[in-house]
Structures are given as C-alpha cells and as structure tokens.
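Each chain gets a letter, A, B and so on, in the order its sequence line appears, and its residues count up from 1.
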Amino acid sequence: MFPFPAPLRRRTLRPVLSLVLALAAAFALPARATVDDSHSAAMEAAVPAVKLGFKIRQEYWKGTLKSGEQKAVRQQLFKGNEYWFFLGTDAEEATLKIDVYDKKGIKVTVETKAGENNAAVRVVAPATGTYTVVFTLISKENAEIPWALAYGYR
Amino acid sequence: MPRFSGAALCKNAGSTGYFPRNLLLLANLPFFPPAMTACSLFRAVPTVSAALALAFMASGVHAQQPKPHAVVKPVVKEKPAEVPPAPPAADKVVQDKGAGELDLTQFPGQVIGEVIVPVPSEVFTVLDKLGDPDWKSEVAESPKVNFSDRTDVALLLGSIVADGFIAVQAEDKKTVENVGRSVLSLSRTLGVEKDVIRHCQAITDAADKANWDGVRQELDATQSTVRGRMEEMQDGAAAECISVGGWLRGTQVITNVIGKSYSTERAELLFQPDLADYFNDSLEEMLSKAKNPDKLKDIANGLARLRELMDNGGENITPNAVREMHEITTVLVKKITTRN
C-alpha cells in the first residue's frame with residue numbers, strides 16, 4: 001500500500017506534516033485575517049453610532065471588488081427607523097464611497113462619513129420598502145479589494 | 001441555498017469567527033457581549049487551527065499587530081484618490097444622472113439579487129415608536145411538536161425565535177426562558193446545539209436581569225449563528241426556512257397589532273413585497289428536497305398572496321388587506337407549528 005517501510009514512513013511524515021501545517025498556517029491565517037480586518041474597519045466606523053444607541057446587526061456581508069467596480073446590495077428598510085451602513089476594507093489608502101438609493105434610483109443618503117479605511121452612510125427611510133446600497137472602493141492596487149458591509153438601526 | 005450565491009460575496013453569519021483588529025474595543029461594545037467575543041475567537045481556532053497557529057508562530061511569523069483606530073470624520077467633499085486607479089471598464093460603472101439619481105435598471109455591477117432580510121427587532125422598533133401595543137396578548141406558548149425533517153425543524157425554529165422577540169416586547173421572562181429551551185432542543189435536532197448553547201444561556205441570563213435589549217441581541221445572534229452553521233454544513237436551504245418561519249410568525253403578530261389599531265402609517269410597515277418574493281424563490285429550491293412538499297407549497301402560495309396584498313399597486317395597504325394577511329399567516333404558522 002505504501003511505497004516505503006512503516007518506520008521510515010513515521011520518521012519522514014512527521015517533519016513533512018509539520019512543514020505542511022506551517023505552510024498552511026502561513027497562507028491560510030493571513031487570508032482569514034485580511035477579510036476579517038475589513039469587518040473590523042467597518043466596526044470602527046460604527047463606534048459613534050453605537051454610542052448614540054444604534055443596534056448593530058451581528059450578521060455582515062463581505063466579498064472583494066476590483067478598484068472602481070460598483071456593488072449593490074438590496075435591503076428592506078422601514079419608515080421610522082434610522083440606519084447607518086458601515087463599509088470597511090483592509091486595503092491601504094483605499095477610497096470608499098457608499099450611498100443609498102430608493103427604488104426609483106433617488107439618493108436618500110442623509111449623512112456620510114469617511115475614515116482611513118472605512119466609510120459610513122446614514123439613512124432615515126422616507127418610506128418602507130426596498131432600498132439599494134451602492135458602494136465602490138478605489139485603490140492604487142487593481143487586485144481584488146476585500147470589503148465588509150454591516151449596518152445598525154434605531 | 002446561501003442567501004447570496006455570488007462568488008465574490010460570502011455572507012458571514014458571525015459564526016465563522018474573526019480576528020478583530022482591536023479586541024478591547026469590540027469587547028466594550030454592547031453588541032459584542034464579552035462571552036460572545038471570546039467564544040467567537042476561540043471557535044475560530046479549533047484544535048486543528050490551533051496547531052496550525054502554533055506551527056505558524058514557531059515559524060517566526062507573527063500575527064498582525066493591532067492597528068490604531070481609524071478616525072471617522074464627516075465628509076466635507078469627495079476626495080480624489082491620490083494615485084489614479086486603473087480605470088474601471090466603462091460598462092461597469094453606472095454614472096450618477098445628477099441630482100443624486102442612479103439608474104438602477106442599468107446597474108451592471110454585481111447586484112445582489114436577493115434582499116437582506118431584516119431582523120425582527122427592526123420591525124418592533126418601529127412599532128414601539130408608533131404606540132404601545134398590547135404585546136402580552138400576542139405572546140404564544142412555545143409549540144410542543146417533534147419533527148424529524150430538517151425543513152420542518154428550521155421553519156419551527158424561526159417561528160419560535162420570533163416568539164422570543166414577541167415575549168421580549170411583552171417583557172415576559174417565563175416565555176423567554178421557554179423559548180430558550182425550545183431553541184436549544186431544536187438546535188440539537190439540527191446538529192448545531194454546541195453553537196447555540198451559549199446564546200440560550202445568555203438569553204436566560206439576560207431575561208433574569210430584565211435586560212430586554214440583551215435578549216433581543218442574543219435572539220438575533222442565535223438565529224444568525226444557526227443559519228451560519230447550517231450554511232457551513234451545506235444546508236443553506238433549510239437555513240433559509242428559519243428566516244421564512246420567523247418572518248411569517250412576525251407578520252402574523254404585526255398584522256394583528258396593526259389590525260387592532262389601524263392607521264396607514266402602521267400598515268406601511270407591511271410593505272415588504274420584495275421579501276415575500278425572495279422567500280418564495282427560496283422555497284422553490286427546497287420543494288424538490290422536502291419530505292413534506294405540501295407544507296412548502298402551501299407556504300409558497302400564501303407568500304404569493306401576501307405579496308399581492310403588500311404591493312397593492314402602490315396604494316396604501318387597506319384594513320381588509322391587513323386582515324387577510326393576518327388570516328393567511330395564521331394558517332401558515334399553524335402549519336409550521338403543528339404536525340397536521
């Protein structure tokens with residue numbers, strides 16, 4: 001079954017296994033950290049809103065975009081609620097832009113904020129219905145830029 | 001089916017864990033209870049990953065150091081990128097039509113077709129602002145029924161989590177605790193008990209202290225954890241049933257509350273046709289796999305009718321429409337919470 005004797009197999013596999021584990025860790029952990037850092041960046045933008053009583057939804061959405069590409073997310077909002085959407089990225093020197101539009105494509109953004117690697121937009125839903133959150137990230141790097149989107153409401 | 005199936009988008013239900021840039025900062029936020037933060041971190045590094053991390057550290061490479069917080073400043077005017085980025089393809093960007101308008105029909109980006117389903121507390125927050133409904137009369141006893149089919153269990157779980165939100169509105173400790181127990185039992189059937197147990201304990205603890213915001217947060221977290229775990233288990237279709245069950249039970253109660261004290265403003269809360277569409281689409285995939293397709297067909301038909309009533313050609317949702325929506329959801333919730 002094995003092309004080499006069992007004792008040799010044990011001796012050889014142990015360092016090989018360690019090397020594989022180390023390599024896997026070297027490549028896998030930063031990948032996880034990169035994407036999650038985007039969420040952390042979004043959460044940094046959320047701190048002032050939390051102090052004002054906004055509840056932040058635990059679930060968040062994430063992915064990657066090329067520089068300049070747009071992404072849209074549709075969301076049911078309720079009249080009477082106030083929302084903050086928080087966009088974060090791990091990319092250095094990225095410019096983030098986020099806005100919210102109603103079903104007719106009219107911007108309903110009330111306020112925007114931008115940080116080092118995050119941006120946020122506040123919306124007071126003028127009517128109950130589906131809205132579209134449109135965002136884009138611009139960076140000198142044209143590779144896939146990680147992003148994370150979260151929101152809070154009160 | 002994951003809610004978002006686009007390759008570039010992966011919904012994180014909060015259960016995959018993460019390494020926040022500044023743990024202390026997050027631990028201080030009310031929406032990250034300390035236990036949850038710690039658990040998230042350690043869950044993100046199960047035994048194998050821990051071995052990997054140790055090997056990683058032994059290799060001389062260090063984990064990322066926390067970066068200083070980014071200062072959030074109001075935008076005065078749009079700042080151009082210091083280094084001109086590679087221009088995106090012209091057909092990938094929808095230009096603003098001016099006056100803050102965007103032609104969404106021409107949007108070529110990766111539009112996420114589905115709609116993000118709100119958490120129940122978003123709706124209850126609005127209702128609280130519109131008055132002080134008699135939530136106590138809306139509290140229901142947790143159904144005691146055993147299902148083996150995962151779709152049935154997921155629908156029931158969603159409905160029971162919604163019961164938890166209603167009990168919170170009514171500040172009913174006993175029902176909240178019962179909901180916690182039922183959720184744990186159903187999670188066991190779904191094979192996600194270990195992930196949920198800490199939430200259930202937190203729900204009970206928060207209810208004991210009458211920390212209703214804490215209970216709401218934990219109920220949100222419970223639903224999100226179960227959904228996330230089920231999606232990891234390639235059981236996204238059943239995960240969607242949790243949302244369907246919760247939404248139907250929530251709509252049943254809200255239509256009753258609105259019906260008792262109707263106003264066009266209150267009824268507007270029910271304008272959720274895209275959600276009804278979204279759930280209906282989700283059910284299509286489940287129909288082929290379900291052991292009890294009749295139940296799902298009934299729910300799909302009910303959702304189609306709810307969608308018509310919600311949209312109403314752009315007109316206000318009438319008292320009659322609210323009544324019919326309540327009747328439909330009552331029938332569907334009964335199907336979800338009983339065997340026959």
Going by heavy atoms in the side chains, are B/D274 and A/R74 under 4.5 Å from each other?
yes
If you compare all heavy atoms of A/I56 against all heavy atoms of B/Q217, which two are closest, and at what distance to 0.1 Å?
O-OE1, 4.0 Å
Side-chain donor or acceptor of A/Q76 paired with backbone N/O of B/F271 under 3.5 Å
yes
Minimum heavy-atom separation for B/S224 and A/E59, please, with both atom names.
CB-CG, 3.4 Å
Could you tell me which non-hydrogen atom of A/Y151 sits nearest to which non-hydrogen atom of B/V117, and how far apart they are?
OH-O, 4.5 Å
Given a strict heavy-atom distance threshold of 4.5 Å, which part of A/A94 is in contact with chain B: side chain, backbone, both, or neither?
neither
Distance check, rounded to the nearest 0.5 Å: A/F78 atom CZ versus B/L127 atom CG?
9.5 Å
Yes or no on side chain to side chain contact (heavy atoms under 4.5 Å, CB included) for B/V119 and A/Y153, after CA distance, side-chain angles and deciding distance?
CA-CA 10 Å; B/V119 289; A/Y153 58 93; 3.5 Å; yes
List the steps and the verdict of side chain to side chain contact (heavy atoms under 4.5 Å, CB included) for A/K55 and B/E122.
CA-CA 9 Å; A/K55 294 166 189 156; B/E122 287 177 53; over 6 Å; no
Under 3.5 Å: donor-acceptor pair, side chain of B/E268, backbone of A/T128
yes
Applying side chain to side chain contact (heavy atoms under 4.5 Å, CB included) between A/N81 and each of B/L269, B/V126, B/V123, report the one that passes.
B/V126
Among B/Q223, B/E265, B/R216, B/K129, which residue forms the greatest number of heavy-atom pairs with chain A at distances under 4.5 Å?
B/K129
Polar side-chain atom of B/D220 near backbone of A/R57 as donor-acceptor pair, under 3.5 Å:
no
